[in-house]
Amino acid sequence: MRNPLTALDKPALFAAGSILLILAVGSLYTLSTGGGLTMLSPAYLSQQLQIAAFLGLIAGGLMMVILLGHIDLSIPWTLTAAAMMATSVGGPAAVPVALAVGLAVGVVNGLGVAWLRVPSMIFTLGVNTVLQGLMVLHTGGHAPQSRSTGLMEFLATGHVLGLPMAALVWAAVSGLLVVLLTRTAMGRAVYAIGNRESAAYLSGIPTNRVIVGCFAICGACAALAGCLLAGYSTKAYQGMGNAYLLPGIAAVVIGGTHVLGGRGTYTGTVLGTILIVVLQSVLSVMQMPDAGRQIIYGLVIIAMLFAYGRDTGRAG
Amino acid sequence: MRAALSRNLGLLLAVGLFAALYGLYSAQHPRGGSAALLVQNSNESFALILAAMAQTVPVLTGGLDLSVGPLMTLVNCLASRVLSGGPVELAFGILACLAAGTLGGLVNGCLVVYGRMQPIIATLATGAVYIGIALFLRPTPGGAVNADLSAMLTYDLAETAAVLGVFDGGQAAWFQPFAPIPVPLLLVLAVLLFVWVPFRGTEMGRGCYAVGSSEGSAYLSGIDVDRSRLAAYTLAGLFAAMAGLYLALQTGTGNADAPQAGAYTLNSIAAVVIGGTSLFGGSGGVVGSLFGALVLRSISFNFRVFDEASWLGALADPLLQPLFEGMVLLIAVSLGAARALRIRNRLQLFG
Amino acid sequence: APKVVAGPGADPQCFKPWEASTTHLQWPAKTGPYRVALVNGFVGNTWRIQMIQTAKAYVEKPDIKPLIKDFKVVSTGTDAAAQLGAIEDFINQGFDAIVTIAVSPTGFDRVIRAANRANVVLVPFDNVLDTKEVMQVNEDQLEMGRMHGRWLVENVGKSGALLEVRGIAGNSVDRDRHIGFREVVEAPGTSFKIVEVVGNWDDGAAQKAVADALAVHGKFDGLYVQGGTTGAVRALMDAGHPLVPVSGEAENGFRKLIAEHKDKGLKGLSVGQSPGMVAVAIKAALSALQGHPMPQLISMPIPSESYKTLEAGKNFWPELTDNFFTANAFPACGVDISGIEIMAQTKEDRK
Amino acid sequence: MTDATAPLLELRDVSKSYGGVHALRNVDFAGRAGSIHAVLGENGAGKSTLMKIVSGVIRPDTGEMRLDGRPVAFASPREAVAAGVVCVFQELSLVPDLSVADNICITDPPRRFGLIDRRAQRRVAAALLDRVGCPGLDPRTRVKDLPLAQRQLVEIAKALGRNPRVLVVDEGASALSGAELARVFAVLREVRDGGALVIYISHRMNEIRELADRCSVFRNGRHVETFDAHTRGHDDIIRMMIGREMTGVFPAKPAAPRDYPPAIRVDHLSWDDRLRDIGFTIGKGEIVGLGGLDGQGQRELLLALFGVLRGVEGTVAIDGRPRRIDGPAAAKAPDIAMALIPEDRKTEGLVLAMSVADNIALSSLGGHGGGILIDRARLESDVESMVRSLQIKVGDVNRAVATLSGGNQQKVVLAKWLMTKPRILLLNDPTRGIDVGTKQEIYALLRRLADEGVAILLFSTDLAELIGCCDRVLVLYRGGIARELAGDDITEMNILGSAFDVALTGSPGPARAAGAEVRP
Ligand SMILES: Nc1ncnc2c1ncn2[C@@H]1O[C@H](COP(=O)(O)OP(=O)(O)OP(=O)(O)O)[C@@H](O)[C@H]1O
Ligand SMILES: Nc1ncnc2c1ncn2[C@@H]1O[C@H](COP(=O)(O)OP(=O)(O)OP(=O)(O)O)[C@@H](O)[C@H]1O
Ligand SMILES: [Mg+2]
Ligand SMILES: [Mg+2]
């Protein structure tokens, strides 16, 4: 049986092509300004991989809930709360504490969505606001420590065998997610629920548990990203998650995952992530003013969707 | 009767919540119920109400418009460039703003309909483009909006009459009962009456509901699915334009503020949901969203009036306020969950 | 409404006029104690929280407490309409003074008029308004930019490659600092190659932007970072870039880094926008309410420390979090609430 | 109905293929005005495909269509409707969130001042509902609150409202029976007598016999033959359809009633006001039928047993032990091993966009070895053997199940549950819209399963099925068991009798007022 979940499909190929195109444009720019082919240097690429790991972790988790046909808008403050809790009360157990926070938030999201049946778009938005409120309280309450631990810093900025540790963490999590999606009952259940929840339910799939599980994974991934981000800048701070939600969604969708659930490959998400990161980087390096940057960013997404992301209508 | 009640439960819930929150606020406010307060409250709510209305229409078709905030920001910046000069120029300026917003909505619609893109991601992308254009129009906040026009549309009828110099400058005796009516309130009513109600009563408007409820059935039934969808996004653009235009009138300037745009988009979605419109499409309406927006606004109204020593003193703690805001939002949207817990046939949970 | 009067104003040590030509304003004196409100914008960062805590501590001080009978703080988020509404609301509630950090530098004409009509003293600070009609408190952002520029010229020389990390696009503070900076480093006689990236005043964003710039452009001889300096320096270190002079904000983390690495070449200038400014704004409001003539634009001293003047426990705190803003006290104004008093108290201390 | 009239609708040499599947191959079809034309064929024969072409849903790859002798090519159902070609689709085209009235007048509603006139619309709807024998239905009710049978009536009313010249009913009355069906037939005859062409598709031969003037038979995407009704015998037609001789639809029942050890025992089961104090047992190896008028609680009973309903009272004992089943996941656990073939395969039985293989494996994931990880090779071979044993017609099991014909889709649902090796099998009208050949296979399968010891509870709207298949039949009325029939007592007379006997003492379903024909 051909495995439809990991195969390099059209979106993935397009994303890969676009990444090369963007790098080429960036290189033309650096050449024209006399900087040489710095964008193809191992240092630059490895650094991009390191930075992509943060968004990649988030996108990976987000993909789990998007495949269900849901969304998690609480990512920014889940990430921040996890990082802040890890640094302030975690001590040596910082990473487990962060993961616990992420899992807890994910479970709350999942319960709201699965049992209360509140649309995820709005429930997670509310949870995000609540988390922000809690963190405002936390920051203002006493002097919370925000210094990341050595382990967090190693995970974020260390290198092993010349490869950025962050990218290795991302690869490890990716491996787990791919196995989960393609080789386990839960993975099939995720796709089934995303397509038709009633049929999945009547097939004896414990749909609510799967939904809670996916949100928990999403929360944990965001928390792990929060750990790495805190390690990267050696501290946790308010607002550290703001820049990751919309790019995360864009990465997943550009990678070919259907926003309404049921379809998508993990490879696509990885490529979508790299695409977004490289695009942001090239635009930043080219010193594009913010206005132009926004426009190009939007147009690239539209162009990608035109190329392949066109909805062929819902089957059936 | 019961059927009608259950169908409008969401709306009733929003109205009830609003009444409770606003009542609490008015009771605590030293000038609660006064005309000045009404003007102020309708003023600060108007843009969000219109943004929520804008969000409602695509949501009815089963879509979503993440570019509501950006589009409204774009129009806000455009308005700060064109809303000056004499009456004719002003009229053209207003038309240009409305047209720009409508065009933005149409572009969204085209991407969704002809580009066959998923609305969430298509409007995420156009949203970035619109913010970019807004930044080009207004690299830094500023600009000038005709003060008379602003005064005419953002205060009460007395002010409008004074600006226009009609009814003895608003001093006519018969006019006095109407004088304190806030103009933004009238504008919202006018939008409902002259834009929404007619739209809802056309085949196209009903088509939006049908498409959202079941696109396949709508198509097989002979509904022009594309046209309905296109109309929905275009109308959303028009509403967003009104919101942006009003923001320009209210602040007198344009500001390409991306975080503010994002906040409007998210709040518009929250308002739509609180107002009882299903995010899956097919049921609900802009009246609910109006109250949804008012609920959101009234939450924060209350933070201003409570004394730290009073029975709801915690509302006055500035570090607790963001938490309360989130909690009330969560509770408001979870109230509908009573339905999910009451449902006796679990298959109905999947809608 | 305030009268425009001739200077000098009250307490010129503290309320220093912006420039010689700054006008003075005088409100009719009211008898205290007064009702004062603080209308904040968003609360999503440490600076704002530190600011709110400072304000709350300041009004509890023995010399201030008797002057204030009611002090309210609200945060309105990034939404201009909501902020304008909140200010208008406090005017309607009969508050005597309102201090605020404006969400947008324009668009306040309406509330300024309302405030003047009700003789309410409105004091924008930090993000000030582009208007001469209200009393405002700020550090001179243009001058701040120039300071950074001058310091870099001193420490780098008159030529070389500079990296400028800017703040949030479209914000007037970003604009002013940038202009001030460029004035100096592009002055005749200098020849810098300047690369400009956007760091959004955020550590993570600045760190990424700097990392990108380093990877692509190679070497720089000096950095000017508007905000998120800690992150920018981290990027420098992560990339193994030689430590060069960095001119940046007053974050504790940056100062810790300078102190630690100044011998290895990390010369640094740390110039801060102080959350303690809120106390000065409140003090100015009280003074105006008492009928003293006040400068229309009050210039706060820019607290600056360089690698030569850093002293642990005095102007930075190695054991405290990076996020915390070191400059908090303005002795000339009797504002002596140091940052650590506010942010470093533990739960136990508070009891 | 003169033979001399030229055909109103004519298709020539029409072909349509999906990927490699030829849904239609060089098909000719002609229908005359003023006739009812039945289209017959197995599942997947291409009937619906042809009708979708006729009504503008899809476009043929080749061939042409003529209406009134003029060539037409509809780009959408909208254009077809405008030309007077109206279709009642197999998969209904009602918008669930809109009211009945809104649905009936969904295109071209009555207007006032340019806007939809709701009151006039309700009047029009009420009149049409009246005409199809559904006068009690409030036009303001939302369609999603209606049971399937009423939806079909609304759909038919909607079609009538469009004044069709060609009216296609593609299994659009499959959920109807008894008086409702009779009323619909009368209406269809009226339409015919008004000079229209009615194309009627159904798998129920008796309906065809009663209604049709002409018949066309299709097999495997090809047109086999068109002939005047009553010129061919039943067996003849069946042979044309399935391409072979057909003997004995129903497998033999066990000769003498046996003493089955009980597999499931239900006592005092009640839910809402839809199920009242139901008690029965089903033995291992026994097939028990659920009969009665439509909507008497049969579907709710199945859902209640499967744990889908909340707040069910009473006890259910499996193998003598009382069990609480709170959902399908619990029901399929090995110690209960219950399976339900749901009512609507498109929304409840299948994940249409997923492949045939994934669908078949859906209920038994984790049951193919490999611990946490799925053993792919084993899963694959399990799926293949299922496809083979149920003779599911599918080239590649990785194709989306949506591309299968209705009958084969139903087999996929069956396969999915058979993979779990159920000991108790609940079926909700499993043969609705399934051709006779496949039906026969399913009946044989059920009997085989029973012989292997599976306890089967079968709800069917088809009387013959209950009679032919079941060892016992429970007739439900208003949520309670009205009568239990066994052995030779299971006859049409008895089932209908007990359904109506009780009905006469209470008040049966919707009152059937004399149909006032309002709409011209
Ligand atoms: N099932 C029902 N039974 C009794 N009364 C009803 C029912 N449905 C609606 N009504 C009432 O009848 C009146 C008209 O109903 P109708 O549904 O036509 O209103 P409407 O204006 O179309 O509403 P909407 O805009 O929600 O479609 C309403 O006042 C409603 O409260
Ligand atoms: N959208 C599609 N994609 C691929 N194949 C399709 C599609 N629609 C129909 N087919 C195939 O075309 C053939 C004819 O299907 P059709 O639905 O016309 O059969 P039918 O005669 O209506 O059967 P039934 O009695 O089961 O409704 C079937 O083999 C089916 O699998
Ligand atoms: Mg068919
Ligand atoms: Mg209605």
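Throughout, a chain's letter reflects where its sequence line sits, starting with A, and its residues are numbered from 1.
The interface of residues 275-293 of chain A with chain B, defined by heavy-atom distances below 4.5 Å, comprises A/Asp290, A/Ala291, A/Gly292. Residues of residues 69-77 of chain B lying within less than 4.5 angstrom of chain A, judged on heavy atoms, are absent.
Most heavy-atom pairs under 4.5 Å with chain B: of the set A/Leu73, A/Leu246, A/Ile302, this distinction falls to A/Ile302. Chain A forms more heavy-atom pairs under 4.5 Å with one residue of B/Ile120, B/Ile121, B/Val273, B/Leu266 than with any other, namely B/Ile121. The candidate from A/Val130, A/Thr129, A/Ile296 with the greatest count of non-hydrogen atom pairs under 4.5 Å with chain B is A/Val130. Comparing B/Ala122, B/Gly132, B/Ala258 by heavy-atom pairs within less than 4.5 Å of chain A, the highest count is held by B/Gly132.
In this structure, chain B has no heavy atom under 4.5 Å from any part of A/Leu131. When heavy atoms are compared at a cutoff of 4.5 Å, A/Val300 does not approach chain B at all. Contact of B/Leu137 with chain A is not made at all, since no heavy-atom distance falls under 4.5 Å. Using a 4.5 Å cut-off between heavy atoms, B/Leu279 touches chain A through its side chain atoms alone. Both the backbone and the side chain of B/Leu323 have a heavy atom closer than 4.5 Å to some heavy atom of chain A. Heavy atoms closer than 4.5 Å to chain A are found in the side chain of B/Leu111, but not in its backbone.
A donor-acceptor pair under 3.5 Å links the side-chain atoms of B/Gln118 to the main chain of A/Val259, judged by distance alone.
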Begin from the C-alpha positions of B/Gln321 and A/Val136 and carry the test side chain to side chain contact (heavy atoms under 4.5 Å, CB included) through to its verdict. CA-CA 9 Å; B/Gln321 285 165 2; A/Val136 165; over 6 Å; no
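More than 12 heavy-atom neighbours from other residues, nucleotides or ligands sit within 6.0 angstrom of CZ on B/Arg344.
In this structure, the separation between CG on A/Leu137 and CG on B/Asp317 is 7.0 Å, given to the nearest 0.5 Å.
Side-chain contact between A/Leu202 and B/Leu347: present, with at least one pair of heavy atoms (C-beta onward) separated by less than 4.5 Å. Using a 4.5 Å heavy-atom threshold, the side chains of B/Arg116 and A/Leu305 count as separate. Within the 4.5 Å cutoff, no side-chain heavy atoms of A/Tyr297 are placed close to those of B/Val129. The shortest distance between side-chain heavy atoms of B/Tyr130 and A/Ile295 does not fall below 4.5 Å.
The minimum heavy-atom distance linking B/Ala270 with A/Ile122 is given by the pair CA-CD1, 3.1 Å. Shortest non-hydrogen contact noted between A/Ala250 and B/Leu124 is CB-CD2, 4.0 Å.
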